[in-house]
Amino acid sequence: MHYEDILIHIGPFGKYQKLLVFALFLVFIPPPFHFIGQVFLAANTDHWCAVPASQMINCSQLQLAECQEEQKSYSIPYEIDDDGNKVYSSCERYVMNDEDVGRNMSLNSTDVISCDAGWKFDHSRYKSTINEDFSLVCDRQDLPAYAQSVWFAGLLVGSLVWGSVGDWIGRRKTFILTVILVTISSTVTSFVPNFTAYTAMRFFTAACAYGIYLMIYVLASEIVGPKNRVGATTALLLAFPVGYMILSLLAFLLREWRHLQLAISLPFVLTFLVMIVFPESPRWLITKGRYKEAAKIIEKIAKVNGTEAPEDLLDKLSEDSKENKKQPSRIPVTQLDLIRTPNLRKKTLILWVDWFVVNMVYYGLSLSTSALGVDDYLAAFVFGAIEIPSNLFCWYVMNRFGRRITLVAFYIFGGVFCLITIFIPLGAARAAVALLGKFAISAAFSHIYIYSLEIYPTIIRSIGMGTSSMVARVSGILCPIILNLGKYWEPLPLCVFGGSAIIAGVLSLMLPETMGYSLPDTIQDGENFGSKSYNHLLSYHFFSSFAWAEREEASSFASRAMMMERMRVPLKLLSTTCHYPQWIKLQSNLWGHTYGATNASAGPEALTALGPGST
């Protein structure tokens, strides 16, 4: 019996699954702290050259702010902007001798030098950042962006490692291992002495945090029924914006980066409680031939759901497990299985493009909230909050209109809004348009997780998700570099983000529709899924079975007419996918099943109006 049939018996989304999804939701909240955290850990603050103590002016009679301004005007070059305000240099100071020091004196020299005594930082918003502690300014100002690229490189390594590990040792053991490693590495990051150590620990945290994400997504998709899969994974995705908003509040309250880093690391300790209830995936156990273990978990799910597992099924699984022990171990699957066959290869390559683009655009918008001309904390909070209605909207339209067309729409709309943002000046208007782009891209990000889980077959699902995310992390590595290109031409990053999103939307038209279909299990299932012959055969059997079940309702002329009207829409949809000979055969089959052999001859004529090309 197929695993989807097992879920029907024990409950596709009963009490057990709901409690598990809620527990996984709580585990999902801390990781976004670290994904977006560097927006605050490495926030740009106003800075200027410090001067040697021997060259400090005597301003004992002045307030601190007045003294600071006096010292800056005396020792730091400045320009006057269009609004008449002084704009001090961040990386240069005047050349002075100790005997030149004095209040209100004018300089005879305009010679300047680079900051040789360090920097002073504005603490009005941030008490400390890694930029201040590790001197990541002026000639080193690009290093925070490189650190963020290293973070995505860690996610890249994690996507290479944890997908295979999850398919090898199971979802549960992989989850436990990654939680322990993330807790240790993220906490240690709070106490690092230099930028190199900071970057290294962030790399390790990213690599392990990805394993948490992957195992939770895979388990949630494999333990609920097909109709509830989108709702369950969407509920988990809502944890990311919740974490995003909590991060903004924590950053507002904790203005020192080490305190903030520690605060976003300790919540991982609470996830150890979830280890107690985190089960192994029955679907994974079945594909590995470990039927006895799968049977125990199925019995537990059925007990909590208040249902009964089919006894004959469990007996059969137990018998098969004994026979399976006598058989040699199975050949492990690899990343190459994703591209061995033509149809699965086409779908895999398109999904890789989709993941590459959505990750790049999403983080490109998320990491540039401080460049919108509005408050950093407010912008980050709103950009996180918008993801909640975005995910809910994604869940609704995916179930209402299907997977493929909605993904295409999200990509194209997100790309268009990115391009429109180019023509809007800094301020609230620009932030509003960028927010619409973030809405669409966030929906696409949620969508692609669910869509990919449904397209990849069970036996290589973790590997497929891992490699897809690997491709996405490559774009993540490039994202900070693309943002830095704005120094040379300001609209360039948005041009890249908008154009690539539109291209991804067009390519997604070639992916198959997955709404309402059972998940493919084997590689052959994955190859067949979405092919024309597979769709025709599936449609043929579906409508034949549908007509047979409805035959008893067609005992009168009125009920026959009512049933034909009920079938008109699905038959029109089917007519667009079948060749004409197949359509004629299907008409005869439907009419014969429904009205009996004596009336079968009338069937094709009655259905011709619904044939190919009819409207």
Side-chain angles (χ1 to χ4, degrees), residues 156 159-160 163 214 217-218 221 229-230 233 333-363 394 397-398 401-416 418 440-476 478-479 496-517 519-520 522-535 577:
L156 172 61
S159 65
L160 288 171
L214 180 60
Y217 272 116
V218 171
S221 68
R229 197 177 302 132
V230 175
T233 51
V333 293
T334 66
Q335 284 84 354
L336 292 177
D337 290 303
L338 293 167
I339 56 175
R340 289 188 192 278
T341 54
N343 188 37
L344 188 57
R345 178 168 57 247
K346 180 191 75 173
K347 293 182 291 186
T348 297
L349 292 176
I350 295 174
L351 287 174
W352 285 353
V353 172
D354 286 346
W355 278 77
F356 182 94
V357 170
V358 75
N359 188 78
M360 176 180 64
V361 180
Y362 176 87
Y363 283 105
C394 175
V397 297
M398 285 181 72
F401 302 105
R403 314 300 199 241
R404 179 174 55 190
I405 192 63
T406 51
L407 181 64
V408 172
F410 288 143
Y411 272 121
I412 292 179
F413 278 112
V416 169
C418 285
I441 291 300
S442 297
F445 215 147
S446 303
H447 192 301
I448 198 63
Y449 267 101
I450 300 169
Y451 204 11
S452 300
L453 287 168
E454 294 179 336
I455 289 178
Y456 288 125
T458 301
I459 194 66
I460 55 173
R461 183 165 296 122
S462 284
I463 291 178
M465 293 295 292
T467 53
S468 295
S469 183
M470 175 194 69
V471 174
R473 303 320 161 194
V474 173
S475 71
L478 297 175
C479 182
V496 174
F497 298 152
S500 59
I502 294 174
I503 292 173
V506 174
L507 289 176
S508 299
L509 288 170
M510 293 187 284
L511 291 173
E513 180 56 64
T514 60
M515 185 175 69
Y517 293 104
L519 293 178
T522 66
I523 293 178
Q524 188 59 46
D525 291 341
E527 172 63 17
N528 293 337
F529 188 72
S531 64
K532 291 183 178 180
S533 59
Y534 178 81
N535 288 341
T577 63

Practice task
Begin with the C-alpha distance, continue with both residues' side-chain angles, and end with the deciding distance and a verdict on side-chain contact (heavy atoms from CB on, under 4.5 Å) for Val397 and Phe410.
Solution key: CA-CA 11 Å; Val397 297; Phe410 288 143; 3.6 Å; yes

Handout entry: Polar side chain donor-acceptor pair, Arg461 to Thr458, under 3.5 angstrom
Key = yes

Fill in the blank from the handout: Scanning both residues in full, the closest heavy-atom pair of Asn343 with Glu527 reads ND2-O, 2.7 Å

Exercise for the section: Please round to the nearest 0.5 Å and tell me the distance separating atom CG of Leu507 and atom CD1 of Ile350. Expected result: 6.0 Å

Exercise for the section: For residues Asp525 and Phe529, determine if any side-chain heavy atom of one lies less than 4.5 Å from a side-chain heavy atom of the other. Expected result: no

Problem - Which atom of Phe356 lies closest to which atom of Val471, heavy atoms considered - result: CD1-O, 3.5 Å

Problem - Side-chain touch Ile503/Ser500, heavy atoms, less than 4.5 angstrom - result: no

Exercise for the section: Measure the spacing between CE of Met398 and CD1 of Ile405 and express it to the nearest 0.5 Å. Expected result: 13.0 Å

Handout entry: Under 3.5 Å: donor-acceptor pair, side chain of Arg404, backbone of Glu513
Key = no

Fill in the blank from the handout: Closest heavy-atom pair, Gly526 versus Leu344, reported as atoms and distance to 0.1 Å, is O-CD1, 4.1 Å

Problem - Under 3.5 Å side-chain donor-acceptor pair for Ser508 and Tyr451 - result: no

Problem - Heavy-atom side-chain contact between Val361 and Phe445 under 4.5 Å - result: no

Fill in the blank from the handout: Heavy atoms of Arg403 and Thr514 approach each other most closely as CG-OG1, 3.1 Å

Problem - Beyond-backbone contact of Thr334 with Asp337, side-chain heavy atoms, under 4.5 angstrom - result: yes

Handout entry: CE on Met510 to NZ on Lys347, rounded to 0.5 Å
Key = 13.5 Å

Exercise for the section: Kindly compute the distance separating CD (Glu454) from CE (Met515), expressed to the nearest 0.5 Å. Expected result: 10.0 Å

Problem - Nearest heavy atoms of Ile441 and Val358, plus distance in Å - result: O-CG2, 3.7 Å

Completion exercise
From the list Thr406, Asp354, Thr233, side chain to side chain donor-acceptor pair (under 3.5 Å) with His447 holds only for Thr406

Practice task
Using a cut-off of 6.0 Å, state whether more than 12 heavy atoms not belonging to Tyr449 lie near its atom OH.
Solution key: yes

Exercise for the section: Using side chain to side chain contact (heavy atoms under 4.5 Å, CB included) as the criterion, point out the one residue from Leu338, Ile523, Val218, Ile463 that pairs with Tyr456. Expected result: Leu338

Exercise for the section: Any chance you could measure Phe497, atom CZ, to Cys479, atom SG, to the nearest 0.5 Å? Expected result: 4.5 Å

Completion exercise
Taken to the nearest 0.5 Å, the spacing of Gln335 CD from Ile460 CD1 works out to 10.0 Å

Practice task
Could you pull out the closest heavy-atom pair between Leu214 and Met465, with the gap in Å?
Solution key: CD1-CB, 3.5 Å

